[in-house]
Amino acid sequence: MNDWQRKSPLDWETYVNKMVKVAAVEKHEYEGWVLTVDPVSASIVLAAFLENEKVSISVVLGHAVQEVEILKEGDDEMRQRLSCIFAPEKSKAYSAEELEKRKNNLKTWLETNHIPVTEQGELGKTLCVVGLLTIDPPYGPEECSSSNEIILSRVQGLIQGYLEKQQ
């Protein structure tokens, strides 16, 4: 086990959102912004920004890491760019008011169509359909979850149709 692998997750967290140079076995060197460090394997996930807004992702396996040198601290803009790398293309941030409106509109629509729906969770943000399916914010077909694939498919189709009519 090398020095890098002996560090704790709290130590590794100090490298996140920073530009680093990683020296690895066999004289390999990698540079990039640290997205995360896997707490089990100590592997480092690096992001490098290329031209045309493309991103290159590299993973340096924890057992191969010999030294990590911080080259640059990330500012708020860089933190934002890094946090959006794995976000879905169409992901949209909704305000609390917009989410509440979307939830209430969907709940009303489901109830109008005689589909029993309740609110779940500490803050009532999750909708529960027939006790078998949940819908989390922002209340689209992708946020539906159920172990019953038939119900899941049908409710996702209903929500998709509902959302298309709203536009």
Side-chain angles (χ1 to χ4, degrees), residues 5 7-18 30 32-50 52-64 74-167:
Q5 290 174 299
K7 290 184 183 285
S8 75
L10 290 174
D11 294 330
W12 292 323
E13 189 177 27
T14 63
Y15 291 88
V16 174
N17 295 325
K18 294 185 171 111
Y30 303 90
W33 293 91
V34 178
L35 284 173
T36 189
V37 178
D38 177 52
V40 175
S41 67
S43 298
I44 305 171
V45 180
L46 299 173
F49 293 98
L50 311 172
N52 300 336
E53 291 296 310
K54 295 202 183 228
V55 180
S56 170
I57 303 293
S58 305
V59 177
V60 183
L61 300 179
H63 67 83
D75 57 10
D76 288 338
E77 182 184 334
M78 183 52 68
R79 281 189 195 90
Q80 183 63 34
R81 279 181 80 185
L82 292 169
S83 71
C84 292
I85 288 177
F86 292 116
E89 285 290 321
K90 358 178 247 189
S91 89
K92 179 183 170 196
Y94 292 98
S95 70
E97 295 81 27
E98 288 174 309
L99 285 175
E100 188 67 21
K101 183 180 175 191
R102 285 177 65 94
K103 178 185 78 170
N104 291 333
N105 288 346
L106 179 59
K107 183 178 179 190
T108 301
W109 183 81
L110 289 167
E111 288 170 339
T112 302
N113 287 284
H114 309 290
I115 298 170
V117 61
T118 57
E119 294 180 20
Q120 272 188 335
E122 240 175 74
L123 303 172
K125 291 188 181 222
T126 300
L127 294 177
C128 183
V129 177
V130 201
L132 296 171
L133 178 135
T134 58
I135 310 167
D136 292 313
Y139 309 104
E142 303 84 21
E143 289 77 38
C144 293
S145 177
S146 175
S147 59
N148 186 320
E149 291 182 31
I150 294 169
I151 290 176
L152 178 63
S153 173
R154 289 193 178 159
V155 173
Q156 283 177 321
L158 286 171
I159 293 173
Q160 186 65 43
Y162 161 75
L163 291 174
E164 286 169 3
K165 285 181 185 175
Q166 297 298 307
Q167 294 175 349

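Atoms considered below: every heavy atom in the structure, side chains included; atoms not considered: hydrogens, waters and symmetry mates. Nothing fancy with the numbering, it's 1 onward along the sequence.
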Please name all residues satisfying side chain to side chain donor-acceptor pair (under 3.5 Å) with Ser8, sequence neighbours left out, ordered by chain then number.
->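 With neighbours one apart ignored, the set is Asp11.
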Partners of Asp136 by side chain to side chain donor-acceptor pair (under 3.5 Å), sequence neighbours excluded?
->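 Asp136 satisfies side chain to side chain donor-acceptor pair (under 3.5 Å) with Thr126 once adjacent residues are dropped.
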Any donor and acceptor pair, going by atom type alone, linking the side chain of [X] with main-chain N or O of [Y] inside 3.5 Å?
{"X": "Ser83", "Y": "Gln80", "value": "yes"}
{"X": "Glu164", "Y": "Gly161", "value": "no"}
{"X": "Ser146", "Y": "Leu132", "value": "yes"}

Just checking [X]: does its [atom1] atom have more than 12 heavy atoms from other residues, nucleotides or ligands closer to it than 6.0 angstrom?
{"X": "Leu50", "atom1": "CG", "answer": "yes"}
{"X": "Gln160", "atom1": "CD", "answer": "yes"}
{"X": "Lys125", "atom1": "NZ", "answer": "no"}

Measure the spacing between [atom1] of [X] and [atom2] of [Y] and express it to the nearest 0.5 Å.
{"X": "Arg154", "Y": "Asn148", "atom1": "CZ", "atom2": "CG", "answer": "9.5 Å"}
{"X": "Thr108", "Y": "Lys103", "atom1": "OG1", "atom2": "NZ", "answer": "10.5 Å"}
{"X": "Glu149", "Y": "Gln156", "atom1": "CD", "atom2": "CD", "answer": "10.5 Å"}
{"X": "Leu127", "Y": "Thr118", "atom1": "CG", "atom2": "OG1", "answer": "8.0 Å"}
{"X": "Leu46", "Y": "Tyr15", "atom1": "CG", "atom2": "OH", "answer": "12.5 Å"}
{"X": "Gln166", "Y": "Trp109", "atom1": "CD", "atom2": "CH2", "answer": "9.0 Å"}

Under the side chain to side chain contact (heavy atoms under 4.5 Å, CB included) criterion, do Ile115 and Leu158 qualify, and how do the steps go?
-> CA-CA 11 Å; Ile115 298 170; Leu158 286 171; 3.7 Å; yes
Dump the intermediate steps for side chain to side chain contact (heavy atoms under 4.5 Å, CB included) on Asn104 and Glu119, then the final yes or no.
-> CA-CA 10 Å; Asn104 291 333; Glu119 294 180 20; 4.3 Å; yes
Looking at every non-hydrogen atom in both residues, tell me the closest pair between [X] and [Y] and how far apart they are.
{"X": "Gly62", "Y": "Ser43", "answer": "N-OG, 3.2 Å"}
{"X": "Pro138", "Y": "Arg102", "answer": "O-NE, 2.7 Å"}
{"X": "Ile159", "Y": "Tyr139", "answer": "CG2-O, 4.1 Å"}
{"X": "Trp12", "Y": "Gln5", "answer": "CZ2-O, 3.9 Å"}

Is any side-chain heavy atom of Phe86 closer than 4.5 Å to a side-chain heavy atom of Leu35?
->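 A side-chain contact exists here, since the closest heavy-atom pair is under 4.5 Å.
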Are the side chains of Ile85 and Phe49 in touch, meaning some heavy atoms are under 4.5 Å apart?
->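 Side-chain contact under 4.5 Å: yes.
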Tell me, with the steps shown, if Val45 and Asp38 meet side chain to side chain contact (heavy atoms under 4.5 Å, CB included).
-> CA-CA 8 Å; Val45 180; Asp38 177 52; over 6 Å; no
So among Asn17, Val34, Val16, which one has a side chain to side chain contact (heavy atoms under 4.5 Å, CB included) with Leu82?
->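 Going through Asn17, Val34, Val16 one by one, the side chain to side chain contact (heavy atoms under 4.5 Å, CB included) with Leu82 is satisfied by Asn17 alone.
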Result of checking Leu133, Thr134, Ile135 against Ser145 for side chain to side chain contact (heavy atoms under 4.5 Å, CB included) =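 Only match with Ser145 under side chain to side chain contact (heavy atoms under 4.5 Å, CB included): Thr134.
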Just do the side chain to side chain contact (heavy atoms under 4.5 Å, CB included) check on Val55 and Ile57 with the steps written out, would you?
-> CA-CA 6 Å; Val55 180; Ile57 303 293; 3.8 Å; yes
Salt bridge present between Glu98 and Lys101 (N-O < 4.0 angstrom) =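 No, this pair does not count.
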